[in-house]
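Comments concern the structure below.
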Amino acid sequence: MSRIMDSSPEGRQKKLFTPGPLSCTMAVKQAMLHDYGSRDAEFIDIVKDVRQRLLDIAGASPVEWSIVPLQGSGTYCVEAAIHTAVPRDKDARVLVLSNGAYGRRLAQICAAADLSHDVLEFGEAQPYDLAKVERQLSSRAYACVAAVHCETSCGLLNPVEALASSLRARQPGAAFVVDAMSSFGALPVRLDRVHFLVASANKCVQGVPGFGFVLARTQRLAQCAGNARTLSLDLAAQHDEMERSGQFRFTPPTHALLAAQQALRELEAEGGPAARRRRYEHNASLLVAGARELGLRPLLPADALCPVITAFLYPRHARFAFADFYQRLSALGQVIYPGKITSVECFRIGCIGDLYPNDVKHLLKCIGQVLEDMGVPIPVP
Ligand SMILES: *Cc1c(COP(=O)(O)O)cnc(C)c1O
């Protein structure tokens, strides 16, 4: 095999096989080469266009739903959704479903806000136990139930639709908050019974980091005024200002919005979320098949794998050390991701962003070369 020296066609730009921030197109980066005043009519039109395009992607009616963009990374938006959804009432209780790092983060958000909450912990990378959920939902009243759609820490898709039907039957009043950060834009989520669906500009939408957004039911949002225990993470207030003036309340990440507008045009040109999902699925199936040939095994069983990100078990060989593996791949222009579960040693490879089958094939070649250079036999034991 010929040695790979520099992988990247554009020179020094590395390929990001990560769950965000991720590889963006040149046109998305170029869209940022304008300075706009945040109160300029042109910028206000751009914000309006981005909100409308996000609604279209979700297939959400503008009568019932609103896109509320918010500065910061995805976590800021999840925190805002929970703050906004839960009334300032001592008895208001939150139920958190968790099977990984992002589920745990929901619980941390509740703890930091001093919200009464229960956590149903299913274990890392373990599917939700719906019978257990039903029992919990029958045991007491909840003001809010929070769950993660794609648990990015291991690449597990959670059954949000099944949860919605349990909620409809057992907790008709509870606000349902779904963290759909790493799925929105590619993997569909049925919206019935959901009140707040949280996502970010720099995952499957393929924009740059700087803001996230919440797809919120307008009627519910109207009932949430005054709930938030923070000024800046108040979605009801942010929504009101958006509707009143078309503006953010505080300095918006203007360049990130320009990038998002271009990214959303590209999503539409690709054929929308269904087409994007097919590309990611193609990437992921090549990745998993190629990795298996090298002897690398996914953490999850084949029928539980999702196209967003795949966790692979560390090879069991004395010469394998993740830090070294990572550095060598990075030197070849290939950026992968460490694991984020504590029970098993894994690394993760994302298939989202401006990545195509040829990029995945190249990554696999680089992984093969790096393992060989490290003295790990292929297929790895
Ligand atoms: C990326 C991600 C987040 C947000 O993480 P930030 O670092 O705050 O952007 C939240 N939940 C899930 C499931 C994610 O994948």
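Counting convention: from 1, in listed order, for ligands and their atoms alike.
Residue S182 approaches ligand 1 through these ligand atoms, each under 4.0 Å from one of its heavy atoms: 15 (O). Listed by number with element, the atoms of ligand 1 under 4.0 Å from a non-hydrogen atom of T75 are 4 (C), 5 (O), 6 (P), 8 (O).
Counting heavy atoms from C-beta on, the side chains of L187 and R277 come closer than 4.5 Å. For the pair R348/F312, no side-chain contact is recorded, criterion being any heavy-atom separation below 4.5 Å from C-beta on.
At a 4.0 Å cut-off, not a single heavy atom of V78 sits close enough to ligand 1 to count as contact. Distances shorter than 4.0 angstrom do not occur between any heavy atom of H149 and any atom of ligand 1. Ligand 1 is approached by C150 to a heavy-atom distance shorter than 4.0 Å. The shortest heavy-atom distance from K203 to ligand 1 is under 4.0 Å.
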Exercise for the section: Quick one: do F17 and Y337 satisfy ring pair (Phe, Tyr, Trp, His ring centres under 6.0 Å)? Show the steps, please. Expected result: CA-CA 7 Å; F17 292 87; Y337 223 50; over 10 Å; no
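Atom 9 (O) of ligand 1 has G74 N, 3.1 Å as its closest protein atom, hydrogens excluded (heavy atom only). Here the protein heavy atom with the shortest distance to atom 13 (C) of ligand 1 is T152 OG1, 3.2 Å.
Between G103 and S98 the shortest heavy-atom distance is C-OG, 3.6 Å. Taking each heavy atom of T84 and N227 in turn, the nearest pair found is O-ND2, 2.8 Å.
Nearest to atom 6 (P) of ligand 1 by heavy atom, out of S73, C77, P19, is S73.
Take R88 and apply the side-chain contact (heavy atoms from CB on, under 4.5 Å) test, not counting sequence neighbours, and it matches R229.
In the hydrophobic cluster analysis, where Ile, Leu, Val, Met, Phe, Trp and Tyr join through side-chain heavy atoms closer than 4.5 angstrom, I57 is grouped apart from V198.
If you look at D179 next to ligand 1, the close heavy atoms, those under 4.0 Å, all belong to the side chain. Residue contacts with ligand 1, taken as heavy atom pairs separated by less than 4.0 Å, involve R105 solely via side-chain atoms from C-beta onward.
Ring pair F320/F325: centre-to-centre distance below 6.0 Å.
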